[in-house]
Structure formats: structure tokens, C-alpha cells
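Take a look at the structure set out below.
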Amino acid sequence: MWPRTYRTGVRRQLELRDRVLLRGSPRRVRLVAGADISYDRGSDVFFAAVVVLDARSLETVEEASATGRSPFPYIPGLLSFREGPLLLRAFRRLRQRPDLCVFDGHGLAHPRRFGIACHLGLLLDLPSFGCGKSRLVGTHEAPRARVGSCTPLYHERRRLGTVLRTRTGVKPVFISPGHRMSHEASVRWALRLCAGYRIPEPTRRAHILANAHRTRR
DNA sequence: GCGACAG
DNA sequence: ATCTTGTCGC
């Protein structure tokens, strides 16, 4: 059962966070999935999309989607309860099981160290990391302007993520481990999955698909 | 009490 | 998340 209140949501995060594994690097990665959600402002009808790419060529090999109402409001720090249920429904429709997943939002870089990338990576039992477009928690120095430049993100004296420049001269993204992978592996994969755009291809394509799905209805 | 605050 | 026109720069 998914929690439906702020209180039970926080409790769930505290119960699950110790199961997250923050070490390692995914092995034999052939399929990488990206997930995202789109919806009209003021509406709770969500359009979820998951796109699976060939890790080597970055070609799309499979797509899945799901539509439904969100059971939770948007509250910073509790995003997974708002988007998680529908994203998992889309994941279940996949014929192939990914070797790695990237989420639109944070993983470890969360006030309770359990962002959506940790939560869904754990439920799917797959290596995962988050790529947020803005900061939720933590402090950091600005990375240099060139692609690949990065600086650590700290919170309460602990490293929670990396501020990474995925495109020269463009606003950096926030990368943090979700499950079964380290900071280093997360950053390495984030860079490897970028193809000239600020956002990694898996989530960039999932965003486009979710949007198309929403628009054509 | 005030400001911050993923998507 | 989405809305929304022009504008700046490569």
C-alpha cells in the first residue's frame, strides 16, 4: 500500500532507506531505462512513460506508458509517492528488464537520503540514479563551464551527490545514486548517456514520450 | 515566525 | 509539472 499522508510518507521513507545500497557499478549494461511523467497544471491525471535504450548505441528499443490519477499532492521530499505508483505501472508493462534506470529527480540528494531514484530503484531491485534539474538540499560550488566538470554536493557534512555540467556553458544537473551504485558510477553513466543535450537520453526521451502521450488526448 | 522547497 | 514570446548566442 502506498501512503497517502505526509506523516505516513515520511515514515515509509525512514523504514525503507536502510535497504538502499550505495556502492558498486552496474555490470553488463545493455539496456538502460528512463522514466518521467507529464500532466496538465491543476490536473491529477498523469501520463507516465518509460523508454528503454540500447546502452551502446542509445537507440530506443522499447517504450511503455500508463495513465492514471495521482494519489498524492506535490510536497518537496515526497515526490515518489506522487509519481511512483504510475511509473511502476509503466515499468510493469515492459517486456524486457533494464539493467539500469535513470529517474527525473534526486536519489540520495534528499533530506532523508531517499529520493525517488532510491525508492523506485529499490522497489524494482535495479541499479538506478537520479538526475535532478534543480537542487532539493545541499550546498555546492559551481562547477566549471566545460562539459564533464563537476563539484560535490554536501548536506549535513556528508556527500549526497554531484553537480554535473552535461553541456558546456549550460546550467548543470544534480546527479545522485539511487540504488546499487556509487557516486562515481552514477556520474560516469550520466555523462555516458548524454548525447548533446543537458538531460541524459533515457529521461529526455521519456519526457518527450510522456508529453506526446498527454498532448494527443 | 520566516524562508526553502525534486517534479 | 505546465504556461508563455521574445530574445540572445553559437
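Chain letters run A, B, ... following the sequence lines, proteins first, then strands; residues in each count from 1.
At the heavy-atom level, A:G77 lies under 4.0 Å from base atoms of the strands shown. When heavy atoms are screened at a 4.0 angstrom cut-off, A:G115 is found touching base atoms of the nucleic acid. At the heavy-atom level, A:L87 lies nowhere under 4.0 Å from the strands shown.
Look at A:S134 and you'll find a side-chain N or O under 4.0 angstrom from OP1 or OP2 of B:dG7. The side chain of A:H207 places an N or O atom within less than 4.0 Å of a non-bridging phosphate oxygen (OP1 or OP2) of C:dA1. Between A:N211 and C:dT2 there is a side-chain N or O to OP1 or OP2 distance below 4.0 Å.
Residue A:R198 contributes atom CZ, which lies 19 Å from atom C1' of C:dC10 at whole-angstrom precision. Straight-line distance from the CD1 atom of A:I199 to the P atom of C:dA1: 9 Å, rounded to whole Å. Whole-Å rounding puts the A:I37 CD1 to B:dA6 P distance at 16 Å. Atom P of nucleotide B:dA6 and atom OH of A:Y39 are separated by 11 Å, given to the nearest angstrom. Rounded to an integer number of Å, the gap from A:K133 NZ to B:dA6 C1' is 8 Å. In this structure, A:H110 atom NE2 and B:dA6 atom P are separated by 11 Å, rounded to whole Å. Here the P atom of nucleotide B:dA6 and the CZ atom of A:R112 are 13 Å apart, to the nearest Å. Nucleotide B:dG3 holds its P atom 16 Å from the CZ atom of A:R135, rounded to whole Å.
Under a cutoff of 6.0 Å and an axis angle of 45°, A:R82 and A:Y39 form a cation-pi pair. Both cation-pi conditions hold for A:R204 and A:Y197: the charged atom is under 6.0 angstrom from the six-membered ring centre and inside a 45 degree cone around its axis.
Closest approach to the A:L136 side chain among C:dA1, C:dT2, B:dC5 is made by B:dC5 (side chain taken as heavy atoms from C-beta onward).
A:H213 and A:F47 have perpendicular rings, their planes meeting at more than 60° on a 0 to 90° scale where under 30° would count as parallel.
Judged by centroid separation below 5.5 Å and plane tilt below 30°, A:Y74 stacks onto the base of B:dG7.
Screening A:L22, A:D125, A:L126 for a side chain to side chain contact (heavy atoms under 4.5 Å, CB included) involving A:H179 leaves a single residue, A:D125.
Ion pairing of A:R30 with A:D99 is absent here, as no side-chain N (NZ or NE/NH1/NH2) approaches a carboxylate O to less than 4.0 Å.
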